[in-house]
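Below is one structure; the comments refer to it alone.
Scope of the values below: all heavy atoms of this structure, side chains included, with no hydrogens, waters or symmetry mates. Quick note on labels: first sequence line is chain A, next is B, and so on, each numbered from 1.
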Amino acid sequence: MPLILEVALPVPLDAIFDYLPHPHTAHFRQALGCRVQVSFGQRKLIGVIVGHKQASDISPAKIKPIEHLLDLDPILDPGWLAKIRWCARYYHHPLGDTLFSCLPTLLKKGEPADALQDQIWFTTYLGQQIEAMPKTPAQWRLLQMLRQHPHGLEVSAISAQGFQSTQLHKLRDKGLIDYRQEPKLTAQVSGPLLAEAELVLTPEQTSAVQHIQQAQGFHVFLLEGVTGSGKTEVYLQALRPVLARGQQVLVLVPEISLTPQTLHRFRRRFACSLVALHSGLSERERLEAWLAAKRGAAAIVIGTRSAVFTPFANLGMVIIDEEQDASFKQMEGLRYHARDLALKYAQEAQVPVILGSATPSLESLRHALAQHYQHLQLTQRPQTNKPTPPPLQLLDIRSLKLQEGFSLPLLKRLDTHLQAGNQVLIFINRRGFAPALTCYTCGWLAECPQCDARMTWHKEPPRLHCHHCDTQQAVMLTCPHCQSEDLHPLGWGTQRSEAFLQQRYPEIPLVRLDRDAVSTHKRLQTSLQQIQQMQAGILLGTQMLAKGHHFPRVTLVAVLDADTGLYSSDFRALEHSGQLLTQVAGRAGRAHQAGEVILQTRHPDDTNLLELCQHGYSYFARRLLEEREQLSLPPYEYLAILHASGKTREQVHQVLTEMAAHLHPYIQATRGVEEADSLIQAQGLNAIGPFPAPMERRKNRYHMQFWLQAAQRAPLHETIAASLRYLRQHKQARTIRYAWDIDPWDTLG
DNA sequence: AGCACGCCGACT
DNA sequence: GTCGGCGTGCTC
Ligand SMILES: [Zn+2]
Ligand SMILES: [Zn+2]
């Protein structure tokens, strides 16, 4: 009986490839989930066996045999494989490429899937009984030490005591001691699970913990609580019984909050093994963590977006902190959303999920309001924490003179807070010195030669820098257009405000936090420590200030320009802007002192801004939901965006236009047309475009978009699949790059 | 994606 | 003459 193996390969082709079993390996039935080396065209590739069948659809002459079987035991179990299959289908991404983008790099390269082993030395029966024997004093001391460790001792601990491996082997030759091999990371921790006492909870926290602990099977909780309301303590107490049952917990956190402090919070509480998957890990450490989770040796796995692909032996709960955070959505390649995948996986594993947020996404809020999720709200802050955040005050700067972006009333408030020995936090949404460089004589603006964008002016090092393609130029001294020397910065960036504030407050320490200032993790940690030690001080920065870190001495929060995002073409801009402003505002206030939040604006009458300031995020978000429903936008309807780019605008336009025409039968019955003779028509599918993307030219490529909007998932996915079938057989489509973004986070792509 | 093959322009 | 540009075809 001819048996054909189906192999997934790391190629962007929507196909699985058939191979014959290894000539000398009879164990092919167990090979599902094992890696193989195969010849593919002219190259050698590592693949994964994802299935088998009796016969192939292609000519037997073309089928090659597998060259090597790399794993004796599968590295992927059928459950994990099923998840990857679902993910590939949902995001319309090739299975092979999906599977490989989820694996640790060392496994992709074909390294053995073996955990690092420890030698554990222990005394034999003879070694325990023996009383005295002529041997060197060192060997005697070594034997005595091992006798005190009935479960054995790692070789690293033994050599740390100054013993040599020859001494170990001498004793072993005498039959007094022996060793066994064990993976380095183990779950076994002796003693009680709780390593520290649990904090006293507020009534709201208590109720939240009880609800979560009582959950049976798949159940989603939206834990909504302002900054400092104690969400983390709820996570910790909710997951304790899960660990006590011997199950594992997955904790997903935004990129910026995976800090030593966050990890410490978990490590300090539980005497159990915890692995953190962060960008600082070496490939070996990443593989060790992955394997530890897979064999159940990691009780808690904390990680960022990609940690959602960690395999678990016995998953018991999933926690997603700051579930609205942008970093959970991958924006290139496999454009997955870690929160959405985690929800899907938890449903499969029948385990509860906690979505935590101070500013929930409209997606999650909608599910909570529709009772799909259980809404748990924390409105009080525990006494030890800051008081409830102060209201947001709008400061109308239309008629005010600005000094480097600061109005006089704002500067006066800065003076007051700094004189009182407090810290102030200033939020500016642009890094660099100024977002543009302009000529006062002729109006020329420094633009990127490769993009439809202005060059950002940086002072240190002095350079013009495009934030979209990384092009850098020296700062010119004369205008290239009119030779005038009248060149000036336009707008304010963090470096410009830094210079201004240092000059205005020379005595007061200032820390700038943005991508340029904290390019490494170390520098960020140093800056944060500096802030902890300051009395009066100025914190200045971008988004980074809004997330994660706590600044206990800040009493004034100022937003230099609250208007970005109010009039953006992106339909999610308002939601994100409201979340960001609320998060920044949450940094204000000390333990026994209410804070102050000031937003400079040129639109003090803007309804959205007023609602956010007067009624808070919860109310604001509910209003946005109503708007989205009226406009049939997510989360009420589903959206997918096809991003395409090419060397010329015409190329891209032509291919997309032809594709749109081809999709016409799927779409023709757009809203309002009464021709319900097919499922698609009955369910309404809207096509928009093709049209030039915002910032059409990027890195010298022309970008266009094509949108599909639908009330139901099924027809949307059917049409996307049809579009890909069409593009794959289209000759000229090969000259352009294209990719669908399912459930896009923003419309820029 | 990668890699080969094939067909034209412009160089040591 | 050949080096190298990229259009086209293919990968079990
Ligand atoms: Zn000029
Ligand atoms: Zn650019």
Heavy atoms under 4.0 Å, any strand shown: does I63(A) hit a base, just sugar-phosphate, or nothing? sugar-phosphate
Base, sugar-phosphate or nothing for L13(A)? Non-hydrogen atoms, less than 4.0 Å. base
Side-chain donor or acceptor of S723(A) paired with backbone N/O of I720(A) under 3.5 Å: yes
Here the gap from H703(A) atom NE2 to L748(A) atom CG, rounded to the nearest 0.5 Å, amounts to 10.0 Å
Taking atom NE2 of H278(A) and atom OG1 of T262(A), what is their separation to the nearest 0.5 Å? 11.5 Å
Mind listing the residues from residues 94-108 of chain A sitting with a heavy atom below 4.0 Å of DNA chain C? Number order is fine. none
Proximity to DNA chain C (any heavy atom under 4.0 Å), residues of residues 38-47 of chain A only: S39(A), F40(A), G41(A)
Taking the six-membered ring of F100(A) as reference, does the cationic atom of K108(A) (NZ for Lys, CZ for Arg) lie under 6.0 Å from its centre and within 45° of its axis? no
Could you check whether K109(A) pairs with E283(A) (Lys NZ or Arg NE/NH1/NH2 to Asp/Glu carboxylate O, under 4.0 Å)? no
Considering only NZ, NE, NH1 and NH2 on the basic side and carboxylate oxygens on the acidic side, decide whether K44(A) and E67(A) come within less than 4.0 Å. yes
Interface residues of residues 697-706 of chain A with DNA chain B (non-hydrogen, below 4.0 angstrom): none
Do S327(A) and D325(A) meet the criterion of a side-chain donor-acceptor pair at a distance under 3.5 Å? yes
Could you tell me whether R335(A) atom CZ has more than 12 heavy atoms of other residues or ligands within 6.0 Å of it? yes
Is there a side-chain contact between D340(A) and Y91(A) in this structure, where contact means two heavy atoms from C-beta onward sitting under 4.5 Å apart? yes
Measuring only between side-chain heavy atoms, which start at C-beta, is K64(A) closer than 4.5 Å to V38(A)? no
Mind listing the side-chain donor-acceptor pairs of residues 469-476 of chain A below 3.5 Å, one per line with the distance, residues two or more places apart or on another chain?
unit_1  : atom_1 : unit_2  : atom_2 : d
D470(A) : OD1    : H465(A) : NE2    : 3.3
T471(A) : OG1    : Q450(A) : NE2    : 3.1

Range on DNA chain C touched by chain A - first to last nucleotide, heavy-atom distance under 4.0 Å: dT8(C) to dC12(C)
Taking the six-membered ring for Trp, are W745(A) and H337(A) ring centroids under 6.0 Å apart? no
Would you please name every residue forming a side-chain hydrogen bond (donor to acceptor under 3.5 Å, both in side chains) with S306(A), sequence neighbours left out? none
